Each structure stands twice: as C-alpha cells, then as structure tokens.
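Single-structure report; data block below.
Computed from a predicted model, the values in this text were never measured in an experiment.
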Amino acid sequence: KLESFAQNGKANCEHKLLLLQAEMKSFLGDNDDAIGKYESAIAVAGENGFIHEQAIANERAGDFFERNGDSRASQYYGKSNTLYLQWGAQCKADHLCKNLPF
C-alpha cells in the first residue's frame, strides 16, 4: 500500500518507502542493499524538505551501522542530531547525546 502512495504522492512518501525497505533489507541481512536504501531515504527526505524524517533516517542508519560494528554510526548519529536541532527538537537531540555513541 505504501508503494501505491509513493507512486501517487512521490514527494510525500518516497523517503518513507525507502526507509522501510532499508529496514527490511537490514532485517534480512542484505546489508549492501540496506545501506543503499538508507542513503536514498536520507537524500530523498532532504530533497523534499522533510528535515525531521531525514533526521529519523540518519538515526536508523546509525543504528544499523552500530549493530554491525561499523564506525560510520557516529557520522549518522551526528547528522541526525544536527537535523533534529534544525527542526527544533531539542529534547530529542539531547536524548541522542545522552544515549548514543557519537
């Protein structure tokens, strides 16, 4: 159903579909495809002005890299923190600082 929404309201839904696909790929162990989907979700959310959802996609990518022992996690967490602050979500940014390694 989300695929249908992404086709009809591409600017509003494409990044959500890409993030969901990234999470599915990660769950299935298809890490190379997961990385590509996370990157695409981040880029598309940014292109369409969804700062908060770009922040979420960066945070989820950070979680993915952290689970896989990859030092790139800190880059994604840092970007997520910056985006949450730009969006005005100070408490969420503070939460990241207290609970995540970046």
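- Relative orientation of the Y38 and F64 rings is tilted, given thresholds of 30° and 60° on the angle between their planes.
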Dump the intermediate steps for side chain to side chain contact (heavy atoms under 4.5 Å, CB included) on K25 and L28, then the final yes or no. CA-CA 5 Å; K25 296 288 185 182; L28 296 172; 5.6 Å; no
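- L100 and F65 fall within a single hydrophobic cluster, where Ile, Leu, Val, Met, Phe, Trp and Tyr are joined by side-chain heavy atoms under 4.5 Å apart, directly or via other members.
- Rounding to the nearest 0.5 Å places CG of N48 at 10.5 Å from SG of C13.
- The salt bridge (Lys or Arg N to Asp or Glu O under 4.0 Å) search around R72 returns D70, not counting sequence neighbours.
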Go through it in stages, so that I can follow the logic: the residues are I56 and F50, the test is side chain to side chain contact (heavy atoms under 4.5 Å, CB included), and I'd like the CA-CA distance, side-chain angles, deciding distance and then a yes or no. CA-CA 10 Å; I56 292 168; F50 292 103; over 6 Å; no
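- Atom-to-atom distance recorded for K37:NZ and D30:CG is 10.0 Å, nearest 0.5 angstrom.
- Between Y84 and Q90, the side chains place no donor N or O within less than 3.5 Å of an acceptor N or O (distance only, hydrogens not considered).
- At a cut-off of 3.5 Å, with distance as the only test, a side-chain donor of S26 or R67 sits close to an acceptor on the other residue.
- A41 and L19 make their closest contact through CB-N, 3.7 Å (heavy atoms, listed as atom of the first residue, atom of the second, distance).
- Here CD1 of I42 is found 11.0 Å from CD of E59. Values are rounded to the nearest 0.5 Å.
- Atom CG in L96 sits 10.5 Å away from atom CG in N58 (nearest 0.5 Å).
- Two residues are said to be in side-chain contact when any heavy atoms from C-beta on lie closer than 4.5 Å; H52 and L83 fail this criterion.
- Screening residues 75-86 for salt bridge (Lys or Arg N to Asp or Glu O under 4.0 Å), with sequence neighbours left out, gives no hits.
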For side chain to side chain contact (heavy atoms under 4.5 Å, CB included), just list the numbers for Y77 and E66, CA-CA rounded to whole Å, side-chain angles, deciding distance to a tenth of an Å, and then say yes or no. CA-CA 10 Å; Y77 287 140; E66 180 70 21; 3.7 Å; yes
If you apply the rule side chain to side chain contact (heavy atoms under 4.5 Å, CB included), what do you find for M24 with L20, and how did you get there? CA-CA 6 Å; M24 288 172 42; L20 180 58; 4.2 Å; yes
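- Rounding to the nearest 0.5 Å gives a distance of 9.5 Å between CG of L85 and OG of S80.
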